[in-house]
Amino acid sequence: MKKTKIVKACIALAFGLCTTNAMADACSEQGGHSGNGTTTQGQNNSSVTGNIGSTGYHYEIWYQGGNNNMTYYNDGTFKASWNGTNDFLARVGFKYNETQTHDQIGQLDAEFKFTKQGSAGGYSYIGIYGWTVDPLVEYYIVDDWFNKPGAYLGQKKGEVTVDGETYDIYQNTRNQQPSIKGTSTFPQYFSVRRNARQCGHIDLTAHFKKWESLGMKMGKMYEAKFLVEAGGGSGSFDMNYFKMTVGGADKDTPKSSASKSDDGASKSSASTTKTTSGGKDACKDEMSKPRGSSHNVNGNQTGSISGTPWGFEQWSAGGSNSMKYYDNGTFEANWNNNQDYLARVGYRYGDNGPGVDHKTKHFTVDYKYEKTGSAQYGYIGVYGWTVNPQVEYYVVDDWYSKPSDQYIGEKFGELEVDGAKYTVHAYVRQQEASKTGTSTFLQIFSVRETPRQCGHIDISTHFKKWDELFTGQKKQLRGSKGGQEMELKFGKVTEVMLMTEAGGGATGSVNYTYFDMQEDAKDEVVEDVPASSASDAPKSSASVVPASSVSTDLVSAAKLFVADGSFQVFDMQGRFLGAIKVSAGASVDEVLMARFHKAGIYLLKSGSAMKAVSVAK
């Protein structure tokens, strides 16, 4: 297919709508630790603190009981581990002299990326932490956790939407507990993100101002730091990218002005020109189609979801399990004491053939979910099988414990897609359960560098990369029973599904609240787009259209009626979103809303012509 040229700057320039955005993305930063690490074991029931060179950062470790340590580096990144502790805190950031409020200090922002493993007992908080005096307040902005915070948060006071997500706000009272002023009684303030994340940007000041608008008074600043806290358990934490700034100094990202709209959302001061995107965002959007009725799945079972193109499957080896799917494809699952458990929803093309040539379709999925529990191993993401040859494959976006080479085998390569790096691995399962009974087969994995619980997966980009890496050659692979030589080839797909797998005596649950999987025809996709340094947005290998083909006449989709036809749909950055089919007399507005669930400006392409259309709610 002919290669298209990526437009420098952005395609929306054709309409005079484009804005310059220098925002850094901590999630796509390489990360790492700069300089030699300094390790401290801390002291039981006593803080160990200090400055980190000339960075302006300050570290602190505090715990009650257990075997714990913290290692900090010259750039402010740090690692921590804990074992058998009652309470453990490790943190890095700014330390103040208790003379200024946050308003006097100025705008505070943080960028971060980390990984974590293990457990944290009854409670855990990962995010921004600190204290104020006059009044004495302990505060948290919680972006992630080992167990989602609940009973320890106190009374809900409100909510705030900032940094692309809604946080629920709580206030609690601690009676005669350890504090920076000795044993004291003091309030705790919490902002808890509804969906956990392991990387991104935090506008601290937006939270502070929202708390104060709710009557939660902040005093003079003692500290503002990034923290991991674990109330028990054993685990580890690795902050491999960290930047905290005050007043926007040395800042790559535009600051959020602390002012709020009526709904409490922060307004960005970075631009006075507003752009809209026609794309879905599962992390923020609600499902446009109601969840509908629930349907229970009993035992090892497969079937179809009525009224949708999707099917479901539940499979387990031992334990007590249950799966429930809904009319819109979302689903829940619970398992207890399983050696291996899988629950999934998506496309099924028959278990044992002949399969579908993945090169004829473009598979994507948008999802959001919550999880609880633990597992010796666990994979959460896209899953399926192929035939000729038989292959079990995974695109792993999240996990219970990060997949290790012990289970996924040798690394063959890597790719960048959907804003992150994935490593590609191959492993051989020898005389294990499969779609054809007990057999020996190849496993292929793409494992995301940083886990997430919501987003978009361009599944076909992984398929394409696997085709490049696995060209039919034979190679000795690590395996479940020692290893053996296997043909490295990706076959024809018999299923493409969104899946949770948990094994090794696992107990837990998942709840997928957003699910939209698509299989657009491949001939409606622009292929082989070379990467460009002109844009900060991550590129899909099937994503961008030339600006020269776009009509500058912006029309309302509500007024656009067409005869029978198909359109490719792109967002305002020229990234392919999918395809729509419009019947004669139908409103394009209604079709776009049903397909993408969001108002905004879309680019519709038919043949060589492309038109920008606006869609209102």
Report the C-alpha distance between W310 and F312 in whole Å, list the side-chain angles of each, state the deciding distance to 0.1 Å, and finish with yes or no for side-chain contact (heavy atoms from CB on, under 4.5 Å). CA-CA 7 Å; W310 307 312; F312 68 86; over 6 Å; no

So does K243 pair up with E29, basic N to acidic O under 4.0 Å? no

Salt bridge or not between K435 and E495? Use side-chain N to carboxylate O under 4.0 Å. yes

Indicate whether the side chain of Q518 and that of D516 have a donor and an acceptor atom separated by less than 3.5 Å. yes

Mark yes or no: R291 above the aromatic ring of Y326, with NZ or CZ under 6.0 Å from the six-membered ring centre and no more than 45 degrees from the axis. yes

Please tell me whether N44 and Q64 have a donor and an acceptor in their side chains that are separated by less than 3.5 angstrom. no

Between D327 and T308, the two heavy atoms sitting closest are O-CG2, 3.4 Å

Which residues satisfy the salt bridge (Lys or Arg N to Asp or Glu O under 4.0 Å) test with K225, sequence neighbours excluded? E60, E223

Are Y367 and Y514 close enough that their ring centers fall under 6.0 Å? no

Looking at G329 and V345, what are the two nearest heavy atoms and their distance? O-CG1, 3.6 Å

T77 vs N240, side-chain contact (heavy atoms from CB on, under 4.5 Å): CA-CA, chis, key distance, verdict: CA-CA 6 Å; T77 60; N240 52 56; 5.6 Å; no

Using a 6.0 Å cut-off, check whether atom CG of N296 has over 12 heavy atoms from anything other than its own residue. yes

Y400 side chain to T372 main-chain N or O, any donor-acceptor pair under 3.5 Å? yes

For side-chain contact (heavy atoms from CB on, under 4.5 Å), just list the numbers for T386 and T494, CA-CA rounded to whole Å, side-chain angles, deciding distance to a tenth of an Å, and then say yes or no. CA-CA 5 Å; T386 75; T494 59; 6.0 Å; no

Exercise: do S81 and S236 side chains pair donor with acceptor under 3.5 Å: no

Please check if the side chain of T440 supplies one atom and the backbone of Q431 the other of a donor-acceptor pair under 3.5 Å. yes

So, using salt bridge (Lys or Arg N to Asp or Glu O under 4.0 Å) as the criterion, who are the partners of E432 when residues are at least two apart? R429, K481

What's the spacing between E414 CD and H425 NE2 if we round to 0.5 Å? 9.5 Å

Using only atom types and a distance under 3.5 Å, with no angle test, would you say the side chain of S439 pairs donor to acceptor with the backbone of T436? no

ring-ring contact (aromatic ring centres under 6.0 Å, His included) partner of F78, the single match among F242, Y59, F237, Y57: F237

Checking Y63 against N86: is there a side-chain donor and acceptor pair closer than 3.5 Å? no

Among W335, Y379, Y394, Y383, find the residue that satisfies the side chain to side chain donor-acceptor pair (under 3.5 Å) test when tested with E501. Y394

Keeping the roles fixed (side chain from S401, backbone from Q376), state whether a donor-acceptor pair exists under 3.5 Å. yes

Within the side chain of R478, is there an N or O that forms a donor-acceptor pair under 3.5 Å with the backbone of D405? yes

So, do F490 and H358 have ring centers that fall under 6.0 Å from each other? yes

Does any N or O in the side chain of Q390 come within less than 3.5 Å of the main-chain N or O of V387, such that one atom is a donor and the other an acceptor? no

Output the distance between atom CG (N328) and atom CD1 (I305), rounded to the nearest 0.5 Å. 8.5 Å

Do you know which two heavy atoms are closest between F441 and E392, and how far apart they sit? CE1-OE1, 3.4 Å

Would you check, one step at a time, whether the test salt bridge (Lys or Arg N to Asp or Glu O under 4.0 Å) holds for K474 with E487? CA-CA 4 Å; K474 291 187 175 182; E487 180 186 18; over 6 Å; no

Pair D467 + K489, salt bridge at N-O below 4.0 Å: no

Compute the centroid of each ring, for F412 and then for F470, and state whether the two points are separated by less than 6.0 Å. yes

Ring centers of H33, Y73 separated by less than 6.0 Å: yes

In terms of side-chain geometry, is the basic nitrogen of R344 or E313 positioned less than 4.0 Å from the acidic oxygen of its partner? yes

Applying the side chain to side chain contact (heavy atoms under 4.5 Å, CB included) test to S446, which of V396, T423, L415, V417 qualifies? L415

Do the side chain of N300 and the main chain of S316 share a donor and acceptor less than 3.5 angstrom apart? yes

Backbone N/O of W82 and side chain of T85: donor-acceptor pair under 3.5 Å: no

Residues Y241 and E111: closest non-hydrogen pair is CE2-CB, 3.8 Å

For the residue pair Y393 and F463, is the inter-centroid distance of their aromatic rings smaller than 6.0 Å? yes

By salt bridge (Lys or Arg N to Asp or Glu O under 4.0 Å), which residues pair with K116, not counting sequence neighbours? D144

Any donor-acceptor N or O pair under 3.5 Å, side chains T450, R452: no

Among K368, R197, K371, which one satisfies salt bridge (charged side-chain N to carboxylate O under 4.0 Å, His left out) with D398? K371

Flag for S234-N83: side-chain donor and acceptor within less than 3.5 Å: yes

Interatomic distance, OG@S434 vs CD@Q443, rounded to 0.5 Å, equals 11.0 Å

Please evaluate residues L477 and L442 with respect to the criterion side-chain contact (heavy atoms from CB on, under 4.5 Å), reporting the C-alpha separation (whole Å), side-chain torsions for both, the decisive distance (0.1 Å), and the verdict. CA-CA 9 Å; L477 293 180; L442 179 68; 3.4 Å; yes

Does a donor on one side chain sit under 3.5 Å from an acceptor on the other, for T507 and N336? yes

So that I can tick it off, tell me whether E370 and K148 are bridged by a salt bridge, with the cut-off set at under 4.0 angstrom between side-chain N and carboxylate O. yes

Any donor-acceptor pair under 3.5 Å linking the side chain of N338 with the backbone of Y341? no

Hey, do the aromatic rings of Y369 and F515 have their centres closer than 6.0 Å? no

Within the side chain of S480, is there an N or O that forms a donor-acceptor pair under 3.5 Å with the backbone of Q430? yes

In this structure, CG of N69 is separated from OG1 of T40 (nearest 0.5 Å) by 8.5 Å

